[in-house]
Student: 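I am attaching a structure below and will ask some questions about it afterwards.
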Amino acid sequence: MLVSSHPFVCVFRCSAGEKGFTMFENVILFTVVWCAVLVAVTSQGQEVFIKPLQIIQCEERAKDEPVNQTLAAEACMRTYFVERLSANVMDQDDRDFFEQEFVNKTFGKKPPTSGYRVRRDIRVLNVTERHKLYNAFNALYRNGTLARFGRLHATEVYQKHHGAAFLPWHRVYISALEEKLREVDPEVSLPYWDYSMDYYMPLPSESVVWSNCFFGNGKGTVLDGPFRSMYGGYNTPMSRDIAASECPSRLINKEDIEELMKFCNFANITTGKNLYQDNSSQNLEKLHDSVHDWVGGDMGHLGTAAYDPVFFMHHAFIDYIWEQFRRRQSSNECQVDVEKDYRELGDYSVDDRGKQGPNDTMQGFEHLKMSDGLWKNWTTDVYGYENAPECPKCGNSDFLYCDMSINPNRPNGVCVPKTNDSCDNTSFMAFNRDEPYKKQQAGGATLSLGPRHLGLPGDGRTRFMSREEGLALLKQQLALGMEDMPRTSRPETRASLDTTNTIIISTLSSVLGILLIVVVTLVVYIRKLTRKLQSPLNERRTEAPDTAETSADQGAGNFGSTRDVNIELRQRV
């Protein structure tokens, strides 16, 4: 999704639902494009907008039609700019590339020629390791390989998103990209970006990863860092828009990951026919969507996300989380065969066109089936993971420190990144972005961008607020997370137990509420009745005693005969 920081867009999405927002998003897109056109036309700078031939020809065709000529001219202008922003899709040359490089070489069915590699958090890499990684990415950008991977991800999105194939397909996909990086430099491994550490900063948007030392700037066109001036899927300069709105998303935190680890089966954390309805906060694809939304820009849309190298480090961490889950599956507590554990028949994908069953082929890697992504050999023969940095050493990184106070629920502390002003490295080599790599590729074919990322609601922190405001919101979220959660020794039954407990508690609360209302009503009624009965009795007390009977009664402590009172009570009742 192209994330907008406009507050009305945020409010509309939260209140109107996804279907309404899709229509509204289209209106916003056309409005933004038209505003850009007006700015270009009315610009007083040195560059003057010259109306292209396509627009002139369109206007000429409209002259003989019974339409408003002003509206027709606007439509011609808008159509021109929208077509220029169309993403690229795979062509035959791309398909031949993946067949030759991966299908014919049966990638994944045997150990890779470049050898085994270990993935680590990017902030643990030293300067030399980072330079080698950036050089390798630059080489793949210059020879067009990175764009080929971008087009593969953007084509047939329903075959690897919103369904069971999401995790296995992306495991193979990023491993293939990593293999191409190692062909450039065999000492390079694909690092992961553990943003669960960034979450514990007052403002994650100030993390050191958004600096010249790592990813470059996170706001607007990427002009800093090793990936600067790259062109994305729209054949326009790659952009980002981190933490632009509190509504769409937030980063994954350690509590989210721990929640996933309470389950035992692949189906518990993946998507089937229902999109994120029953297990939203425990769905790894849903959590992944949040990070895409949070980064925004090219990363915010399925059709352009994989053009940003950050995509691959994001997915490496998603794969890392999945591998931690798979280790739990193999433990004595779960005893699950990870290579055979898939979703049930017919519950594979939200979209019927998905082709995400265990025996369906992987797009781009047609020698493999979706279930082949569950093989153990991926993390025994191809790659492995170094554990995420932990306190007190935090991977001995110069860009991480152990915060012992930010989360009271973690007495051993949390590794937290330093801010982006801690990057003082300006020695990165100048990457030349030659003109041929700025032009349209694959013939400028258009693409239906498919489903949007649908992440979790945001926690309120944006890049527009102060650190003090961000810290207050973070502590508020952490305090909510410290509430006791129902637990069970059988993770697979936890959801049903929670549901049962919720029903029981709700029922008891309702019954107690009704009883309280009845009791209060009775008390009020009795008090009113008591006042009415006491009124005539008080009147009798004030009357003068004019008979011997009255005097005798008063002396005995009576205020009227018992018979009279009983008659009066019966009448009033």
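For the single chain, residues carry numbers from 1 onward in sequence order.
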Student: Out of Asp224, Asp293, Asp298, Asp308, which residue meets the salt bridge (Lys or Arg N to Asp or Glu O under 4.0 Å) rule with Arg240?
Tutor: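 Output: one option passes, namely Asp308.
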Student: Please work out whether the ring planes of Phe365 and Phe102 are parallel, tilted or perpendicular, with thresholds of 30° and 60°.
Tutor: perpendicular
Student: Are any of the side-chain nitrogens in Asp241 or Arg463 under 4.0 Å away from the carboxylate oxygens of its partner?
Tutor: yes
Student: Do the numbers put Arg123 on top of the ring of Phe399, so that NZ or CZ is under 6.0 Å from the six-membered ring centre and no more than 45° off the axis?
Tutor: no
Student: Testing Phe311, Phe317, Phe312 for ring pair (Phe, Tyr, Trp, His ring centres under 6.0 Å) with His315, which one passes?
Tutor: Phe311
Student: Classify the ring geometry between Trp210 and Trp193 as parallel (under 30°), tilted (30 to 60°) or perpendicular (over 60°).
Tutor: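 Geometry flag for Trp193 against Trp210: perpendicular rings.
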Student: Charged N to carboxylate O under 4.0 angstrom, Lys105 versus Glu101?
Tutor: yes
Student: Return the orientation label for the His161 and His153 ring planes: parallel under 30°, perpendicular over 60°, tilted otherwise.
Tutor: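 Taking His153 first and then His161, their aromatic rings stand perpendicular (interplane angle over 60°).
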Student: Would you say the side-chain atoms of Tyr385 and Arg119 include a donor-acceptor pair closer than 3.5 Å?
Tutor: yes
Student: Below 4.0 angstrom, N of the basic side chain to O of the carboxylate: do Lys160 and Glu285 qualify?
Tutor: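 So Lys160 does not pair with Glu285 through a salt bridge.
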Student: For Glu156, is there an ion pair with Lys355 - N to carboxylate O distance below 4.0 angstrom?
Tutor: no
Student: Is the Tyr134 ring parallel, tilted or perpendicular to the His131 ring (thresholds 30°, 60°)?
Tutor: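 The rings of Tyr134 and His131 sit tilted, inter-plane angle from 30° to 60°.
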Student: Which pair of non-hydrogen atoms, one from Pro237 and one from Thr221, has the smallest distance, and what is that distance?
Tutor: CB-CG2, 3.6 Å
Student: Between Asp185 and Lys132, does any side-chain N to carboxylate O distance fall below 4.0 Å?
Tutor: yes
